[in-house]
Amino acid sequence: MRRADHSVAALAELEARARAVRRATVQMAHTGRTPHVGSALSCVDILIALYFHALRIDPPAPDPDDDAFVMSKGHGCMAYYATLAERGYFPPTLLATYARDGGTLPEHPMPGGAPGIEVATGSLGHGLPIAAGLALARKIDRRAGRVFVLLSDGECNEGSVWEAAMFAAGRQLDNVVAIIDYNGLQAMGRCDDITALSPLAEKWRAFGWAVCEVDGHDVAALVRTFDALPLAPGRPSVIVARTVKGKGVSFMENETEWHYRPPSADDLARALEEIGG
Amino acid sequence: MRNAFVRALTDAAAADPRIMLLTGDLGFKLFDDFAQRYPGRFLNVGVAEATMAGVATGLALAGKRPFIYSIVPFATMRCYEQVRDDICYHRANVTVVGVGGGYSYGPNGPTHHALEDVAVMRVLPNMTVLCPGDPAETVAAVRALIAHEGPAYLRLGRAGEPDVHPAPVAFRIGESLVLRAGDDVALLSTGNMLATAVAAAELLARRGIGCEVVSMPTVKPLDTGRIDAAARRVRLLATLEEHSLFGGFGGAVAEHLAGSPGAPRLWRFAAPDRFASSCGAQDYYRRLHGLTPAAIAERVAELLAGAP
């Protein structure tokens, strides 16, 4: 009912919004002097496809039948805040208070820190169990809404992710949709140099989930994937989204350094120029 | 206490459809009646306490009122960060229920002993901590919790504790219960030490020592008014708990009295700060650590006589 169409014009609009969110993200990282800009840029296209296509939501008029979203990779929340502002949950001017003394937009989301933020995260491995609880309540109450949850790849090191994966599959929570931002880089290096994370899709399949692999920067492909949900009846869905850490700013792409380094004024100018309008 | 908890919750669930009961695969046959009466509201999450706490938070954020159940160390410490970030940070309406307070599961060994839980639960913002002293207080605690909004920890003993109160009792969260009056010493008891406190007071009375017994089923928020009133009257305050000497109920009382000039001496009866190095039942550990009525009465008499 609230779905956008998939015409070329609509895709061009989504891509323009993704650029706006990327610009806001690098600006926030610079002004707030915060880390994690690479993690935030990695998930921008996923957030845009969610908030401007997949999620059945109505920001000014929340409803118990709405879809819910949990930003389990809370450290990527610059992109999350910017997407919420872009979607109209709050005025974009609020983004200027990010990581400021006395503000309500810390480097990991607070509960109720801004309109649209229901679940606080920051410690990895918490979002999927909470999402499973939100989804189970919807099943019990026979509510239509689905629960989307965005995880990082490094987050899949956490045992609680796999506990919750078994729980959701066991309870046949086909109203849960997990998206893995699979850029292959975690805090201190390549995921596969740290633990045996791959083959990631096969792990989720073995845990009873319906799995789809997609290019996490191809907005059209993300839209098609979200339109195909649930991927299988009676099973939770996971979308393993292949991404590039730092996507959209060439000198940040695939560089672990940008998990830590805030952009300087010069970095910001170059990044904004690359992202473009 | 365990059976009183399940009965009270099962009764309350009839009137409150928000109530759900989740277990981490413990409590064999204990929840059959609840599960049968309220299909879909009982859930064995599996041996996955972190997920149980997270799922309960999600359920609570969607309007449910989950109680999550396991043996104390698993219910509190295995999933501590989920209790902190998910339940407490979100002010979620989740009650963590720990069974086996103190040395209740003595023969199971130190993995199953519960001597640090009150300390780690009470330090959490937004958390309420309840340690009922007998089956009647357990029923009252469940009722108080259902009327309460926000995170809570309910510390139970096991099955088969004696009834200390001769009749049903009621308390609101933050209130204590006076069981006996006396002006020399006040025994402030929390959780499953209540029967011991009453027995110790009886022994002291026989020696002509006037002993007030206060049951404090709420450790957080503490009934500071009752503590202050006792402090003005008696010569000695003593706390009783089956928990580490550090950070628990006695610690909470000491923190409060630290700001009270002229308060009487405080003695904390508690378990020592160490893992058990020998196995035994609950009574064995109580004897070992001076937590019997006779040992407590003796020590109180010595302290009143000026012993260091």
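Here is how names work: the chains are called A, B, and so on, in the same order as the sequence lines, proteins then strands, and each is numbered from 1.
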Test salt bridge (charged side-chain N to carboxylate O under 4.0 Å, His left out) applied to B:Asp117 and B:Arg155, B:Arg78, B:Arg122, the passing residue
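Considering B:Arg155, B:Arg78, B:Arg122, a salt bridge (charged side-chain N to carboxylate O under 4.0 Å, His left out) with B:Asp117 is found only for B:Arg155.
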
Determine which residues belonging to residues 103-118 of chain A lie within contact range of chain B, meaning some heavy atom pair is under 4.5 Å apart, and list them by number or answer 'none'.
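A:Pro109, A:Met110, A:Pro111, A:Glu118, listed by number.
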
Chain B-proximal positions within residues 70-82 of chain A [heavy-atom distance under 4.5 Å]:
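Not one residue of residues 70-82 of chain A has a heavy atom under 4.5 Å from chain B.
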
Segment of B:Ala50 engaging chain A (4.5 angstrom heavy-atom cut-off):
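For B:Ala50, the contact with chain A is made by backbone and side chain together.
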
Quick check on A:Leu136 against chain B: is it the side chain, the backbone, both or neither that has a heavy atom closer than 4.5 Å?
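For A:Leu136, backbone and side chain are both near chain B.
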
With a 4.5 angstrom heavy-atom cut-off, which part of A:Arg143 approaches chain B: side chain, backbone, both or neither?
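When you check distances to chain B, no heavy atom of A:Arg143 falls under 4.5 Å.
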
Centroid-to-centroid, B:His113 to B:Phe275, below 6.0 Å?
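No.
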
Are A:Phe69 and A:Phe148, when compared by the centres of their aromatic rings, separated by less than 6.0 Å?
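They do not qualify: ring centres at least 6.0 Å apart.
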
Within 45° cone and under 6.0 Å: B:Arg84 NZ/CZ vs B:Tyr89 ring
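Not flagged: B:Arg84 not positioned over aromatic ring of B:Tyr89.
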
Are the charged groups of A:Lys139 and A:Asp174 less than 4.0 angstrom apart, N to O?
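Looking at A:Asp174 together with A:Lys139, the answer is yes, because their closest N to O distance falls below 4.0 Å.
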
Do the side chains of A:Arg146 and A:Asp67 get close enough for a salt bridge, i.e. N-O under 4.0 angstrom?
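Looking at A:Asp67 together with A:Arg146, the answer is yes, because their closest N to O distance falls below 4.0 Å.
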
So which of A:Arg138, A:Met166, A:Arg171 has the largest heavy-atom pair count under 4.5 angstrom toward chain B?
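Looking at each option in turn, the highest pair count goes to A:Arg171.
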
Quick check for you: among A:Gly127, A:Ser160, A:Ala164, A:Ala120, which has the greatest number of heavy-atom pairs under 4.5 Å with chain B?
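Looking at each of A:Gly127, A:Ser160, A:Ala164, A:Ala120 in turn, A:Ala120 comes out on top.
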
Got A:Val238 and A:Ile180 here, is their nearest side-chain heavy-atom distance under 4.5 Å?
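A side-chain contact under 4.5 Å exists here.
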
In the structure I gave you, are the side-chain heavy atoms of A:Val176 and A:Trp209 within less than 4.5 Å of one another anywhere?
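With C-beta onward as the side chain, the pair touches.
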
Would A:Ser152 and A:Asp181 satisfy side chain to side chain donor-acceptor pair (under 3.5 Å), going step by step from the backbone distance to the final call?
CA-CA 5 Å; A:Ser152 76; A:Asp181 181 2; over 6 Å; no

Can you establish whether the number of heavy atoms outside A:Arg205 located under 6.0 Å from its atom CZ is more than 12?
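It does: A:Arg205 CZ has more than 12 such atoms within range.
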
Look at B:Leu22, B:Asp86, B:Val45 and state which one has the largest set of heavy-atom pairs under 4.5 Å with chain A.
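The candidate making the most pairs under 4.5 Å is B:Asp86.
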
Gap separating the OH atom of B:Tyr80 from the SG atom of B:Cys88, nearest 0.5 angstrom:
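The distance works out to 8.0 Å.
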
For A:Ser42 and A:Asn183, which I'm curious about, is there any donor-acceptor pair between the side chains at under 3.5 Å?
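Checked: A:Ser42/A:Asn183 side chains pair up, N/O donor to acceptor below 3.5 Å.
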
